[in-house]
A.B. asks: 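Encoded as structure tokens, here's the structure I'll be asking about.
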Amino acid sequence: MTTTTAPEAPSVLIENLAKAYPGGPTVLEGITTSIARGEFVCILGASGCGKSTLLNVLAQLEPPTTGAIEVPDDGAAFMFQEASLLPWLTARGNVELALRLRGVPARERRQAATELLHLVHLGEAGGKRPHQLSGGMRQRTALARALAQDRELLLMDEPFGALDAITRDLLHDELERVWKATGRTIVFVTHNVREAVRLGQRVLLLSSRPGRIVEQWQVTDSIRNDAAAAAALTRDITDRLRQEISHHA
Amino acid sequence: MPSNPTLLDDQPATGAPPSSPSATTIGDLEAGLDRLQSQGPPARRDLVRSLLPVAAVVALLCVWQILSWAGLKRSDLLPGPLTVAASLADAFADGTLQRAVATSLLRGVSGFAIAILIATPLALLLAQVRTLRAALGPLVSGLQVLPSVAWVPAAIIWFGLTDATVYFVVLMGATPSIVNGLLSGIDQIPPQYRSVGTVLGATRLQHTLLITLPAALPAYLGGLKQGWAFSWRSLMAAEIIAVGGSIGFGLGSMLQQGRDLSSMPLVMAAILAILVVGIVIELLVFSPLERRLLRRRGLLTQGAS
Ligand SMILES: Nc1ncnc2c1ncn2[C@@H]1O[C@H](COP(=O)(O)OP(=O)(O)OP(=O)(O)O)[C@@H](O)[C@H]1O
Ligand SMILES: [Mg+2]
């Protein structure tokens with residue numbers, strides 16, 4: 001199920017996409033790629049290179065300036081970079097809101113929310129409000145909410161950026177488990193090379209100003225399961241990223 | 001890549017030292033982290049703090065009594081607290097006090113409720129339609145500054161000495177504050193919440209009801225609080241000026257009656273009653289609402305009142 005040889009139509013198609021905010025410089029330019037159904041793609045790039053912008057365009061929160069995108073008809077589930085849980089709702093309430101807006105009938109919501117919270121090991125904390133949760137618990141709640149949307153495409157914008165290493169490793173395992181269990185297409189933005197190699201089947205490197213795809217790597221299962229090979233690939237990508245950044249010095 | 005072992009489900013990727021058997025599951029590890037990282041129940045509120053205002057009132061009453069005993073002014077001009085209390089007791093005994101409080105409260109509350117019903121959709125509309133906001137925004141802010149007593153003469157000319165005059169003045173006093181409170185609340189909503197609504201697939205109506213209104217609630221409540229204050233003040237002004245006709249006897253009328261009778265104890269009794277009603281509403285309605293609202297969102301730090 002983790003092979004990338006998907007003959008069917010891709011989940012996401014991006015063709016020659018460019019994006020500039022009104023009155024600002026070009027943020028993204030000439031982005032062309034396709035993402036297969038069920039693929040896990042990581043997008044790497046320096047801070048400010050336009051990773052969030054790319055996801056916002058894919059989520060149709062921002063219109064592309066030129067070029068075209070094709071995403072699943074029902075849109076995408078989104079896990080935001082900053083804390084985006086609604087503070088007036090409990091963890092469960094946040095998950096239930098996603099279910100409600102998806103049209104799940106009221107009596108099924110509670111059960112479904114409980115199952116989703118269990119999926120991210122938050123069964124006990126459903127009644128707590130976001131400010132009572134730790135950063136890791138908040139991100140897991142956000143993950144549960146994104147899963148509650150039940151869209152085929154899941155966009156994740158540096159979801160684990162602000163977490164300590166142990167929590168992050170746990171969430172990596174959970175995310176991988178969820179991905180394998182649900183077969184979703186995931187686009188995962190990070191500036192952490194290790195994270196990208198750990199999770200992605202394919203890693204895209206964006207340049208800065210303007211953001212273009214400068215290189216991409218396949219992370220096969222054999223690389224991922226071989227610590228030395230994974231470390232070597234991580235080093236390769238890091239070097240390339242450094243090169244890209246020092247380019248702007 | 002030390003965190004890249006063979007990817008078996010339910011095996012911790014890191015954390016567990018190699019010596020310990022792999023008894024810790026992801027669930028255990030996470031439960032431990034969660035316990036460490038989330039906060040316990042809030043501490044109990046200090047009793048002394050809530051007694052402080054009471055002590056202040058008692059101290060003020062003592063100063064007042066001493067001043068009146070000192071006889072700096074004629075006692076009919078500066079009656080002591082005991083005299084005023086007696087006057088209040090008289091008004092209570094013959095039922096005028098209860099009647100006045102009930103009349104004023106009923107008017108104040110129903111006028112305020114009408115103001116909420118008008119102001120809330122108006123604010124939502126202004127927040128949605130940019131041109132309307134640009135056109136009417138300054139006017140609403142202007143009306144908020146205009147003392148609502150200014151409407152009393154106009155209202156008397158339009159509606160005569162009827163309850164409609166009183167309601168009109170209350171409405172003009174409260175509506176602008178409520179509109180502005182809700183508007184500023186909507187302006188302050190983090191754009192992130194809007195994106196959340198969009199991504200979750202909310203329709204326009206769902207956006208308004210499930211995201212915008214709850215997100216703007218703290219500022220809305222602030223506007224309501226101010227709107228109530230303006231309602232109550234406007235109501236008193238209207239009741240003082242517009243006496244007679246078919247207008248019922250409220251606290252403002254009682255105040256005016258005290259003036260007509262040159263009865264300083266009655267005047268001060270009426271002022272006290274007006275003040276006490278204001279404080280009681282604040283303590284029983286707005287303060288708990290606000291506290292609960294803020295605490296639920298984690299915006300109230302422990303110890304702050
Ligand atoms: N709403 C906006 N309006 C105008 N400019 C914006 C907006 N959002 C982002 N930008 C600009 O676009 C550029 C890319 O921003 P973006 O948030 O996509 O970067 P990023 O790669 O996600 O960075 P980070 O890793 O720090 O999250 C930045 O220069 C930023 O200033
Ligand atoms: Mg970003």
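A note on names: the letters A, B, ... follow the listed sequences, proteins ahead of strands, and every chain is numbered from 1.
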A.B. asks: How far apart are the closest heavy atoms of A:His131 and B:Arg297, and which atoms are they?
C.D. replies: CD2-C, 3.5 Å

A.B. asks: So which heavy atom on A:Arg151 is nearest to which on B:Leu200, and how close?
C.D. replies: NH2-O, 4.1 Å

A.B. asks: Heavy-atom distance under 4.5 Å to chain A: side chain of B:Ile211, backbone, both or neither?
C.D. replies: both

A.B. asks: So do A:Leu97 and B:Val196 actually touch side chain to side chain, heavy atoms under 4.5 Å?
C.D. replies: no

A.B. asks: To the nearest 0.5 Å, what is the distance between CZ (B:Arg194) and CG (A:Leu61)?
C.D. replies: 12.5 Å

A.B. asks: Measure A:Ala148 against the heavy atoms of chain B and call it side chain, backbone, both or neither at under 4.5 Å.
C.D. replies: neither

A.B. asks: What is the distance from atom CH2 of A:Trp88 to atom CG of B:Leu213, rounded to the nearest 0.5 Å?
C.D. replies: 10.0 Å

A.B. asks: Do A:Gln149 side-chain atoms and B:Val199 backbone N/O form a donor-acceptor pair below 3.5 Å?
C.D. replies: yes

A.B. asks: Answer with side chain, backbone, both or neither: which region of A:Leu155 has an atom nearer than 4.5 Å to a non-hydrogen atom of chain B?
C.D. replies: neither

A.B. asks: Under 4.5 Å, counting heavy-atom pairs only, tell me which of A:Arg100, A:Glu124, A:His172 racks up the most with chain B.
C.D. replies: A:Arg100

